[in-house]
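Both ligands and their constituent atoms are indexed starting at 1 by order of listing. Hydrogens, waters and symmetry mates play no part in the numbers below; they use all other heavy atoms, side chains included. Numbers here are sequence positions counted from 1.
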Amino acid sequence: MPSIRASNSTFPIRAILGVFKLRIGVVITFTALAGLAVSSGPSLSLLQLLVLTLSVLLSSASAGAFNQYYEHDSDLLMSRTSKRPFVTGELRHEPVWLLVIAALMTLSVGAAWIALNAWSALFVFLGAFFYAIVYTVWLKRRTWLNIVFGGLAGSWAVLAGATAANPQLGVVPLALALVLFLWTPPHFWSLAIAFRDDYAAAGVPMLPVVVGDQQAANTIFLSTLALVAASLLPLLFGLGAIYGVGAIVGGFLFIQKAWRLTRDPCRKSAMICFHASLIQLTLVLLGAILDAQSGF
Ligand code: HEM
Ligand SMILES: CC(C)=CCC/C(C)=C/CC/C(C)=C/COP(=O)(O)OP(=O)(O)O
């Protein structure tokens with residue numbers, strides 16, 4: 001049986017956890033739980049809530065592991081990713097990993113289908129498919145629009161949670177899915193400005209590589225305005241003041257940092273804008289969950 005780890009190493013638990021990109025998976029799962037919270041319909045049992053949480057987390061993890069397995073050669077060309085275990089050899093780049101990834105995906109989607117419903121299982125699958133195949137394999141090295149379509153992965157996470165409670169999607173879950181679709185490009189393009197040289201060296205046509213930092217920063221600013229406008233839509237369809245505070249504070253912060261990035265499109269302001277995107281998303285998702293629970 002081929003080994004998945006370098007021969008003379010102790011069990012590389014940290015490397016294995018790193019391959020599954022679990023920090024991002026936790027936020028993706030939080031996104032699905034926000035979709036659940038704003039969806040009308042019967043409450044889930046504790047078991048169903050556990051299955052939803054684990055199926056989104058594990059499918060996100062399997063997609064993240066596939067991404068690192070598939071990109072082990074190009075990751076070597078970028079400083080940010082060159083220390084990853086499939087690049088350094090800490091984990092052997094063996095096809096057995098594809099079996100592990102497929103098994104995780106089957107377990108995640110199957111459990112969601114059995115414990116929740118077919119719609120939720122479909123969106124769990126689509127989230128991983130859009131990230132691992134549509135974005136990573138089909139678009140990433142072909143077009144700067146890679147993140148525009150790949151960003152749907154986050155929207156499917158919202159809908160995986162929303163349909164778990166009610167396959168009849170309401171306006172608020174759809175609005176939240178639109179927020180994730182509009183959030184992902186400025187989130188990623190900020191990072192792509194900070195690491196433009198990396199992407200250029202790896203031959204990846206990210207927006208800043210194609211149009212330059214200034215035009216990319218202008219695009220980030222305009223897309224952040226569209227994102228923040230969309231993030232206010234749930235206020236028109238039932239979410240209240242708690243959500244409003246989160247969306248307005250987070251939106252103001254992201255717009256402010258995106259504007260600063262247009263004034264000075266350097267690595268430092270790009271990373272500040274990237275982190276602002278994470279704060280804005282957290283405030284929007286937290287506001288949605290707290291507002292939906294409060295019944296104000
Ligand atoms: C195809 C869509 C996406 C792309 C291409 C993308 C891109 C990235 C990249 C390149 C990083 C830096 C990763 C690293 O250096 O290890 C990152 C970090 C992050 N992304 Fe995204 N992202 C996407 C969607 C999402 C979504 C949907 C969420 C959450 C709902 C999200 C949440 C995060 C978080 C929390 C981090 C920081 C993780 C950490 O601190 O290690 N991303 N993203
Ligand atoms: C419902 C469900 C399972 C949804 C999945 C959503 C998901 C996993 C989105 C991708 C997030 C991410 C880390 C992208 C980075 O890819 P990259 O290749 O640009 O990053 P890298 O350069 O750091 O490898």
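By the neighbour-count criterion of 12 heavy atoms within 6.0 Å, atom CD of Gln215 is sparsely surrounded, having that number or fewer from other residues, nucleotides or ligands. Surrounding CG of Leu46 are at most 12 heavy atoms belonging to other residues, nucleotides or ligands under 6.0 Å away.
Here is the list of ligand 2 atoms found below 4.0 Å of a heavy atom in Ser60: 3 (C), 8 (C). Distances below 4.0 Å separate heavy atoms of Arg23 from the following atoms of ligand 1: 39 (C), 40 (O), 41 (O). Counting the atoms of ligand 1 from 1 in the order shown, those under 4.0 Å from a heavy atom of Tyr135 are 5 (C). Per-residue contacts place Gly154 under 4.0 angstrom from the following atoms of ligand 1 (heavy atoms of the residue considered): 27 (C). Residue-ligand proximity, Arg84 to ligand 1, at heavy-atom distances under 4.0 Å covers atoms 14 (C), 16 (O). Residue Arg80 has at least one heavy-atom neighbour below 4.0 Å for each of these atoms of ligand 1: 10 (C), 12 (C), 13 (C), 14 (C), 15 (O). Of all atoms in ligand 1, numbered sequentially from 1 with element shown, those under 4.0 Å from a heavy atom of Ile147 are 1 (C), 2 (C), 3 (C), 4 (C), 5 (C). When each atom of ligand 1 is checked for a heavy atom of Leu281 under 4.0 Å away, the hits are 29 (C), 30 (C). Proximity to Ile28 (heavy-atom distance under 4.0 Å) selects the following atoms of ligand 1: 26 (C), 27 (C), 28 (C), 29 (C), 30 (C).
Contact check on Asp75 versus Arg84 returns a salt bridge, with a Lys/Arg side-chain nitrogen under 4.0 Å from an Asp/Glu carboxylate oxygen.
Pairing each heavy atom of Val56 with each of Ser59, the nearest pair is O-OG, 3.1 Å. In this structure, Val158 and Pro173 approach most closely via the heavy-atom pair CG1-O, 3.7 Å. Between Thr163 and Leu159, the closest heavy-atom pair is OG1-O, 2.6 Å. Scanning all heavy atoms of the two residues, the minimum distance from Ser39 to Ala162 falls at OG-O, 3.0 Å.
At the top of the distance list for atom 13 (C) of ligand 2, counting protein heavy atoms only, stands Ile24 CD1, 3.1 Å. Residue, atom and distance of the protein heavy atom nearest to atom 20 (O) of ligand 2 are Lys21 NZ, 3.6 Å. Scanning the protein for heavy atoms near atom 17 (P) of ligand 2, the closest one is Lys140 NZ, 3.6 Å. The protein non-hydrogen atom at the shortest distance from atom 35 (C) of ligand 1 is Val27 CG2, 3.4 Å. Remark: minimum distance from atom 5 (C) of ligand 2 to any protein heavy atom is reached at Gly127 O, 3.6 Å. Tyr131 OH, 3.5 Å is the protein heavy atom nearest to atom 15 (C) of ligand 2. Among protein heavy atoms, atom 7 (C) of ligand 2 sits closest to Ile28 CD1, 3.6 Å. Nearest to atom 34 (C) of ligand 1 among the protein's heavy atoms is Leu278 CD2, 3.6 Å. Atom 30 (C) of ligand 1 has its closest protein heavy atom at Thr31 OG1, 3.2 Å. Atom 1 (C) of ligand 1 has Gly150 O, 3.5 Å as its closest protein atom, hydrogens excluded (heavy atom only). Counting only heavy atoms of the protein, atom 22 (O) of ligand 2 lies nearest to Arg80 NH2, 2.8 Å. Of all protein heavy atoms, the one lying nearest to atom 11 (C) of ligand 1 is Leu191 CD2, 4.0 Å. Given atom 3 (C) of ligand 2, the protein heavy atom at minimum distance is Ser59 OG, 3.2 Å.
Close to ligand 2: Ala128, with a non-hydrogen atom less than 4.0 angstrom away.
Side-chain contact between Tyr243 and Leu235: present, with at least one pair of heavy atoms (C-beta onward) separated by less than 4.5 Å.
Side-chain atoms of Lys140 and Tyr70 form no donor-acceptor pair, as typed in the model, at a separation below 3.5 Å. If you check the side chains of Thr136 and Asn67, you find a donor sitting under 3.5 Å from an acceptor.
Counting only distance, with no hydrogens or angles, the side chain of Gln280 and the backbone of Ala247 share no donor-acceptor pair below 3.5 Å. A donor-acceptor pair is defined here as one N or O able to donate and one able to accept, closer than 3.5 Å; no such pair exists between the side chain of Asn166 and the backbone of Gly41. Formation of a donor-acceptor pair under 3.5 Å by the Ser269 side chain with backbone atoms of Asp264 is found in this model.
The parts of Ala153 lying near ligand 2 are both backbone and side chain, judged by heavy-atom distances below 4.0 Å. The proximity of Asn146 to ligand 1, defined as any non-hydrogen pair under 4.0 Å, does not occur for either the backbone or the side chain. Proximity of Tyr135 to ligand 2, defined as any heavy-atom pair under 4.0 Å, is confined to the side chain (atoms from C-beta onward).
Between Phe129 and Trp156, a ring centre-to-centre spacing not shorter than 6.0 Å is recorded.
Evaluated by nearest non-hydrogen atom to atom 24 (C) of ligand 1, the leading choice among Thr81, Thr184, Val148 is Thr184. Remark: among candidates Glu71, Arg23, Met78, Arg84, the nearest residue to atom 21 (P) of ligand 2 is Arg84, based on non-hydrogen atoms. By heavy-atom distance, the residue among Trp183, Phe274, Phe188 lying nearest atom 32 (C) of ligand 1 is Trp183. When the heavy atoms of Leu285, Leu139, Ile24 are ranked by distance to atom 19 (C) of ligand 1, first place goes to Ile24.
The side chain to side chain contact (heavy atoms under 4.5 Å, CB included) test with Ile220 singles out one residue from Pro185, Ser277, Pro186, and that residue is Pro186. Of the residues listed (Arg196, Arg267, Arg263), the one engaging Asp213 in a salt bridge (Lys or Arg N to Asp or Glu O under 4.0 Å) is Arg196, and it is the only one. For the pairing with Val38, the side chain to side chain contact (heavy atoms under 4.5 Å, CB included) check across Val171, Leu176, Leu285, Ile289 returns one residue only, Leu176.
At least one N or O atom of Asn67, backbone or side chain, sits closer than 3.5 Å to an N or O atom of ligand 2. Considering backbone and side-chain N/O atoms, His187 comes within less than 3.5 Å of an N/O atom of ligand 1.
Taking hydrophobic clusters as Ile, Leu, Val, Met, Phe, Trp and Tyr residues chained together by side-chain heavy-atom distances below 4.5 Å, Val27 does not share a cluster with Ile279.
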